[in-house]
Amino acid sequence: MSSAIFPRQDSAPDPNLSPSEQVLQLISNPFQASLQVNAFWASLATSFGISAGLALLFCFIRPRHALVYAPRLKNADKQHAPPPLGKGLFSWIKPVNKASEDFLVDKIGLDAVLFLRFTRMLRNIFLVLALIGILIMIPVNVTQGSVSGSVSAFAVMTPLYIWGRGLWAQVVFAWLIDLIVIYFLWYNYRKVLRLKRNYFESPDYQKSLHSRTLLVRDISKQDRTNEGVARVLNEVNPTGVTPKTTVGRNVKVLPDLIEEYEETVRNLESILAKYMKNPDRLPAKRPMIKPSSKYKGPTTGGKVDAIDYLTERIRSMENEINDIRERVDNRDPMPYGFASWDRISEAHRVAYASRKTRPNNVKIRLAPRPNDLIWDNLTLSRSSRKSKRFMNAIWIVLLTIIWTPINAGIAVFLSNLSNLGLVWPSFQRQLEAHRTWWSVVQGIAAPALTSIVYLVLPIIFRRLQIRAGDVTKTARERHVLRNLYSFFTLNNLIVFSIFSAVWQYVTLVIQFNEQGNDTWTSLRRGNFFLVITTALCQISPFWVIWLLQRNLGAAIDLAQLWQLTYVWFARTFMSPTPRQNIEWTAPPAFNYASYYNYFLFYATIALCYSTLQPIILVITAAYFVMDAFMKKYLLMYVFITKTESGGQFWKTLFNRIIFAVMLSNVVIAIVVKARGSWTLVAAIAPLLFIMVGFKWYCMKTFDMDLKYHSRTGMMDTERLPDGKPHKAEKISSKFGHPALYKPLITPMVHAKAQHVLAEVYRGRLDSAGGQPMAFSDIAMQPMAQTGAPDQDMPFEIVPEAQQDFSYYRGRSDFKEEAGEIFSDSRSTTPVSFMAGGKEDFSYPGTAASSRASSPVSRPQQPRPVQRKEFDQSRVPAQFRLSQLEPPTDQYSDRANLLNNVGDIRTPNGEFMSTDRWQAPGSAYRDTSRTNTPDESNNGYDYFRGRR
């Protein structure tokens, strides 16, 4: 889409012209001018046409597919549920438009609200800049330029033909850009501070344990005890209050073993789903699989029966996991720990006092949420983290080097097909013969290819950053954003533009050499600053067209085309497992790092090309106007925040916007130097210092209050809404490694295949000699060949009607898919009980926890569980084998069906209690609704049974 780099004239330039005019004459390309205009109109038509079509498609199918277009409305609890939606085509617009920021903080979380505020800020910035560009910059460039010959409309709107006094408009506009951006950043910094202070005072934050807990890292060996951590903290503790402390324990190979266990369970589920896709007509041959290298049993052609092998592997790994859990104790402490106070202000005062010190070389910081921690990296030493960061930087540099020649090819040839024609004569003839067709290709091909690469790069950078030693997922995502933005700006903007300019400069030097000049004269006459300015002006249509295609990307996000297409294809042509069907119905997580990077990159492009091609400001403003509203709907009704950070992205975003403005100042300085004098550059230079000073002012004024709840004394407002003090909590369990208590998943099987499970497992079950077989903590009796429903099974039978996330959102094995906004009362953190020197991880309010509270230690060896102890909660309600007498009241059937379903809604989205369907005093009445969060039933023993 950029203009020609090679000159199209065969004759030498007029020697009577000045060197600058000769450069322009050599660069001019009438053919490319028409190609630019045609490419722009082709991209505009496809972008807005398809976007409008997708928006109408969304309005039409949204009421009919709430599972895809409003999963939050179906799955969120009462506290976090968005407003109900009507069935009309445009009934979604009013609830989205009406939702205020304060309302949304409670519904979608501070991170999502910050994202929407940042999007609105960019929208407002570019609306103001677009207005100035239309009213001032474009008229100045058109009226003050000395245009001669045939040039494109894009070239007329640039400062390409402006000389002398007309360049002062560029300087004025540079000052306006900086002042406008400074105002909006200052205004929104204050708003973000208000949001964060309200977040500190919110009930969720006041009740949470992490808000009054510190993370202590790099603990020396002599201090790796509870007393040692308290002793280190006393050196920087201004409160005089001794905290409750705990030190991390070595969980050995548990995390890797649990990950392998879950992968094996999923493999077994997938094999069973394919093998029993049509239960009434099983394949003649059972599925086979190649066993691991450690397998020493008999094989057939190097393979074994997949179902039997994976089943035995699951049983073996589960016994190994439980054995390791039994042997984990405090004799092998790790170099990290946690310290918790009774008041938030006490913890924050200690964190503030230790922000610049390292007592005994220990690093003290505010603790994140437990699910935000990357536990494997907590054990890394300071030197290990440095080496990992260094190696990560090496990989990023290598990736940049590899991408550079590819990016250069796109910049030089694909974004400007005329350049490709100059080195490929046969293509040049096709280009001239089919000008309209190749205009369309040029308007779509390069931006589309660049966009595809942009989808892959975040995945690569995230995997690199995982290995860089970050201790929290939030920090990892911020660093992914930082690296993505640096890569995009350097390689896809600066290098992209420089390659085009260098190519053009070399071409001009060759042209001057052909006139008989020596190399030095050719280099001087090439006028490097002028060539760079000209190249930037002529490549600007590429970025205009590329930003036009971003509008199409926003519409695709709204229509959720990828989710619809993928799930439809998988369910139609593949054999998904019940677990996959459940996970597909869960609200997807919002990828903040990628979307923030896109928005920052768009803003950087628009600011850098704001004076070179003012129309880009209009395109960018139109994009943010549209996407700000679309993303608001998606965050309200579709996406969730998987790990709430409390708005920690803001400072990273602020710094990148400051950099983007300063980069635009440098570009404008190059433009005015190429056409004017150093006086114009001197008029722009103060802006760089003003932006640095503004950054320093905001850092000193706002940052400490953004991070710390209290820095000096107690906060009088720190009290719970109900006036009750914090409950006594065991920090070692709340911040215990999840590998110690994470419930082990059980293979899920579709209910339609239940009657053939006996046939599938008939041979294995008889091998136990008719005795109960211990499998997955469930006693498994030999099943009859007919698969009688009164036999215990090592599977969770899932009917078609319940392969929906709403039935499982409170369970620990699916809770990670729900993020943090589904605070179902059944979900809680396990509580640890000491028994005989061991910790028994279970949930209070269950039979397991009541046993665990006794002084009897947990048995060292697994034993078969008696039939009466079989955990019926693993099976959906209508398939449970009740130990009670058959129900006699009229409500029992409905009670079984609605047991543990969660909040029920009417068709318009209003909540309805399930108690109305349950008989008073019935044995089947669901009493879990009245339980407190610490009395919920979803712990390890609850789901897996006691040994």
Side-chain angles (χ1 to χ4, degrees), residues 71-72 76-77 79-82 96 99-122 188-189 191-205 208 210-211 366-374 458 462 465 470 472-482 484-485 557 586-600 627-628 630-657 702-703 705-707 709 815-823:
R72 285 175 52 94
D77 59 19
Q79 177 184 351
H80 301 99
V96 173
S100 65
E101 193 170 69
D102 293 334
F103 171 80
L104 290 177
V105 168
D106 293 332
K107 300 299 181 182
I108 64 179
L110 183 56
D111 280 341
V113 169
L114 177 62
F115 179 86
L116 295 178
R117 171 161 286 279
F118 179 72
T119 309
R120 292 197 307 272
M121 183 187 74
L122 293 180
N188 283 276
Y189 222 129
K191 293 294 184 181
V192 170
L193 178 60
R194 182 184 65 84
L195 288 172
K196 189 62 181 284
R197 301 309 299 181
N198 291 340
Y199 171 77
F200 283 148
E201 303 301 331
S202 65
D204 288 342
Y205 188 81
S208 64
H210 85 275
S211 65
L366 293 172
R369 297 173 186 266
N371 67 335
D372 192 20
L373 287 166
I374 302 177
R462 183 168 287 105
Q465 200 62 48
D470 292 328
T472 65
K473 300 172 186 175
T474 298
R476 180 193 68 198
E477 291 303 296
R478 292 202 315 271
H479 293 157
V480 168
L481 167 60
R482 180 194 64 192
L484 277 175
Y485 178 74
D557 279 347
F590 192 75
N591 192 341
Y592 285 99
S594 294
Y595 281 109
Y596 274 135
N597 173 65
Y598 295 148
F599 286 1
L600 287 170
D627 210 26
M630 291 182 177
K631 288 298 188 292
K632 187 176 182 181
Y633 171 85
L634 292 175
L635 285 170
M636 286 179 63
Y637 292 97
V638 179
F639 290 108
I640 61 169
T641 301
K642 209 162 190 178
T643 305
E644 177 67 45
S645 71
Q648 292 186 28
F649 278 101
W650 171 250
K651 288 193 291 184
T652 304
L653 302 172
F654 177 86
N655 292 337
R656 269 68 196 164
I657 292 295
F702 302 114
D703 282 2
D705 289 331
L706 274 175
K707 187 173 183 178
H709 175 270
K815 188 179 179 182
E816 186 177 354
E817 300 295 326
E820 298 180 355
I821 64 165
F822 298 95
S823 57

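Values reported hereafter were calculated over all heavy atoms of this structure, with side chains retained and with hydrogens, waters and symmetry mates removed. Treat the numbers as computed from the prediction; the structure is a model and nothing was measured.
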TODO: Mind checking the CE-CG spacing from Met636 to Leu116? Nearest 0.5 Å is all I need.
DONE: 9.5 Å
Open item on the list: Quick check: do Pro71 and Val638 have side-chain heavy atoms less than 4.5 Å from each other?
Closed with: yes
- [ ] Of all the heavy-atom pairs spanning Thr643 and Asp111, show the shortest one and how long it is.
- [x] O-OD2, 3.7 Å
Open item on the list: Within this structure, what is the OH-CG distance for the pair Tyr596 and Asn591, rounded to the nearest 0.5 Å?
Closed with: 11.5 Å
TODO: Return the orientation label for the Trp650 and Phe654 ring planes: parallel under 30°, perpendicular over 60°, tilted otherwise.
DONE: tilted
Task: Test item: Leu484 and Leu600 side chains (from C-beta on) under 4.5 Å apart, heavy atoms - done: no
Task: Interatomic spacing from OG in Ser211 to CG in Asp204 - rounded to 0.5 Å - done: 10.5 Å
Task: Closest approach of Phe639 to Ala589 (non-hydrogen atoms, all atoms of both residues) - done: CD2-O, 3.7 Å
Task: Short side-chain donor-acceptor distance under 3.5 Å, Thr641 and Tyr592 - done: yes
Open item on the list: Measuring only between side-chain heavy atoms, which start at C-beta, is Lys631 closer than 4.5 Å to Asp557?
Closed with: yes
TODO: Could you pull out the closest heavy-atom pair between Lys632 and Leu104, with the gap in Å?
DONE: CE-CD1, 3.8 Å
Task: Rounded distance (nearest 0.5 Å) linking atom CE of Met121 with atom OH of Tyr189 - done: 11.5 Å
Task: Check ion pair Asp470-Arg478 (N to O, under 4.0 angstrom) - done: no
Task: Taking every non-hydrogen atom, the tightest pair across Gln648 and Thr474 - done: OE1-CG2, 3.7 Å
- [ ] Measure across His210 and Pro370 and return the closest heavy-atom pair with its distance rounded to 0.1 Å.
- [x] CB-CD, 4.5 Å
Task: Centroid-centroid under 6.0 Å between Phe599 and Phe118 rings - done: no
Task: Arg369 side chain to Ser208 backbone, donor-acceptor under 3.5 Å - done: no
Open item on the list: Walk me through whether Leu114 and Leu195 qualify under side-chain contact (heavy atoms from CB on, under 4.5 Å).
Closed with: CA-CA 9 Å; Leu114 177 62; Leu195 288 172; 5.9 Å; no
TODO: For the residue pair Phe200 and Tyr205, categorise the inter-ring angle as parallel (less than 30°), tilted (30 to 60°) or perpendicular (more than 60°).
DONE: tilted
Open item on the list: Less than 4.0 angstrom from a charged side-chain N to a carboxylate O is my criterion; do Glu101 and Arg194 meet it?
Closed with: yes
TODO: Indicate yes or no: at least one non-hydrogen side-chain atom of Asp703 is less than 4.5 angstrom from one of Leu706.
DONE: yes
- [ ] Could you check Phe590 against Leu635 for side-chain contact (heavy atoms from CB on, under 4.5 Å), going step by step and ending with a plain yes or no?
- [x] CA-CA 8 Å; Phe590 192 75; Leu635 285 170; 3.7 Å; yes
Open item on the list: Nearest 0.5 angstrom please: Asp106 CG to His80 NE2, how far?
Closed with: 7.5 Å
Open item on the list: Walk me through whether Phe649 and Phe115 qualify under ring pair (Phe, Tyr, Trp, His ring centres under 6.0 Å).
Closed with: CA-CA 9 Å; Phe649 278 101; Phe115 179 86; 9.4 Å; no
Open item on the list: Run the side-chain contact (heavy atoms from CB on, under 4.5 Å) test on Val96 and Tyr637 for me, step by step, so that the C-alpha distance in whole Å, both residues' side-chain angles and the decisive distance to 0.1 Å come before the verdict.
Closed with: CA-CA 9 Å; Val96 173; Tyr637 292 97; 4.0 Å; yes
Open item on the list: Any non-hydrogen side-chain atom of Lys196 less than 4.5 Å from a side-chain atom of Lys707?
Closed with: no
Task: Non-hydrogen atoms of Ala593 and Leu481 that approach each other most closely - done: O-CD1, 3.7 Å
Open item on the list: Is any side-chain heavy atom of Asn198 closer than 4.5 Å to one of Val105?
Closed with: no
Open item on the list: I need the Ser594 OG to Glu477 CD distance, nearest 0.5 Å.
Closed with: 8.0 Å
